[in-house]
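Okay, so here's the structure we're looking at.
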Amino acid sequence: MLQKLELTTSTRDEMRDITREVRSVVNKSGVQNGLVLIYSPHTTAGITINENADPDVKHDVLMRLDEVYPWTHPKYRHAEGNTASHLKTITTGSSQTVIIHNGELLLGRWQGIYFCEFDGPRNRQYYI
């Protein structure tokens, strides 16, 4: 069962918690035991799993990614001007796989699934 979901981001860099949406698709699927794949078809947006209890974690992750991959750099050559967003997506990855056990996502106590925008704001899609 493949579901295409859409979201609109509001800033250039953003981590949007999509755990509830993934959980809803899994519940509707009726799958009790297996795997769920969450995939972003974009080269400037990724999918990751990280802490969802403290919002400062998102801030810190995005801050460090900006420090590692600055938006401008004298040696960047990509004409579109968004090389940093491509590098951030390579770092986070374009997909995550989560175990489904007894109909539930097998996530750790503090884990959430995030859509990571690195070249927004935009209208985006992801697949479950």
Side-chain angles (χ1 to χ4, degrees):
M1 173 177 140
L2 179 66
Q3 290 287 317
K4 177 182 176 181
L5 285 84
E6 298 185 1
L7 57 83
T8 301
T9 60
S10 58
T11 59
R12 185 180 74 195
D13 293 294
E14 178 178 337
M15 291 176 68
R16 177 84 58 86
D17 188 345
I18 59 170
T19 310
R20 182 178 3 183
E21 291 83 353
V22 175
R23 188 171 280 123
S24 176
V25 169
V26 167
N27 288 340
K28 289 177 186 172
S29 76
V31 174
Q32 291 298 299
N33 295 292
L35 301 172
V36 59
L37 176 71
I38 307 96
Y39 170 71
S40 166
H42 306 287
T43 60
T44 59
I47 303 289
T48 195
I49 295 174
N50 212 299
E51 180 176 330
N52 68 354
D54 182 350
D56 287 338
V57 172
K58 293 188 300 188
H59 169 271
D60 294 349
V61 167
L62 293 173
M63 177 193 67
R64 284 296 292 142
L65 285 171
D66 273 343
E67 291 172 357
V68 173
Y69 305 118
W71 193 253
T72 59
H73 189 283
K75 293 184 180 180
Y76 286 164
R77 295 172 62 177
H78 182 46
E80 197 174 339
N82 63 353
T83 297
S85 61
H86 291 280
L87 294 168
K88 291 173 185 180
T89 301
I90 290 168
T91 300
T92 59
S94 60
S95 66
Q96 292 291 318
T97 304
V98 179
I99 297 169
I100 303 168
H101 180 69
N102 293 330
E104 298 292 329
L105 298 175
L106 191 58
L107 291 170
R109 167 182 245 153
W110 308 113
Q111 287 182 319
I113 305 165
Y114 289 92
F115 183 93
C116 301
E117 173 65 76
F118 298 122
D119 196 22
R122 292 184 185 234
N123 295 319
R124 298 291 199 169
Q125 302 82 41
Y126 61 100
Y127 293 89
I128 301 171

- prompt: Tell me, do Val61 and Met15 make a side-chain contact under 4.5 Å, heavy atoms counted?
  reply: yes

statement: Output for pair (Ile49 CD1, Gln96 CD), nearest 0.5 Å, gives 4.5 Å

- prompt: Is the backbone N or O of Ala45 less than 3.5 Å from a side-chain atom of Thr89, with the two atoms forming a donor-acceptor pair by type?
  reply: yes

query: Side chains of Val98 and Ile113: does their closest heavy-atom pair fall under 4.5 Å?
result: yes

Validation row: Asn50, Trp110 side chains within 4.5 angstrom (heavy atoms): no

task: Please examine the side chains of Met1 and Val31, heavy atoms only from C-beta on, and report whether any two atoms are closer than 4.5 Å.
output: no

task: Run the numbers on Tyr69 and Ser85 for side-chain contact (heavy atoms from CB on, under 4.5 Å), then give the verdict.
output: CA-CA 8 Å; Tyr69 305 118; Ser85 61; over 6 Å; no

- prompt: Ignoring hydrogens and geometry, is there a side-chain-to-backbone donor-acceptor pair from Glu117 to Asp119 under 3.5 Å?
  reply: yes

task: Calculate, to the nearest 0.5 Å, the distance between atoms CZ and CG belonging to Phe118 and Asp66 respectively.
output: 9.0 Å

- prompt: Does the side chain of Arg16 pick up a donor-acceptor pair with the side chain of Thr8 at under 3.5 Å?
  reply: no

message: Looking at Leu106, I want to see if its CG is surrounded by more than 12 non-hydrogen atoms of other residues, nucleotides or ligands under 6.0 Å.
response: yes

message: With rounding to the nearest 0.5 angstrom, report the CG to CG distance, Leu35 to Leu105.
response: 11.5 Å

message: Side chains of Lys58 and Glu51, heavy atoms from C-beta outward: is any pair under 4.5 Å?
response: no

task: Check for a donor-acceptor pair, side chain of Ser40 on one end and backbone N or O of Ser94 on the other, with a separation under 3.5 Å.
output: no

field: Residue pair Thr44 / His86, side-chain heavy-atom distance below 4.5 Å
entry: yes

- request: Please check if the side chain of Thr92 supplies one atom and the backbone of Thr48 the other of a donor-acceptor pair under 3.5 Å.
  value: no

task: Check for a donor-acceptor pair, side chain of Thr91 on one end and backbone N or O of Leu87 on the other, with a separation under 3.5 Å.
output: yes

- request: Look at the rings of Phe115 and His42 and say which category their plane angle falls in: under 30° parallel, 30 to 60° tilted, over 60° perpendicular.
  value: perpendicular

field: N/O donor-acceptor pair under 3.5 Å between Ser24 side chain and Glu21 backbone
entry: no

- prompt: Taking C-beta and beyond as the side chain, do Leu107 and Asn52 meet within less than 4.5 Å on heavy atoms?
  reply: no

query: Does Asn33 use its side chain to pair, donor to acceptor, with the backbone of Asn102 at less than 3.5 Å?
result: yes

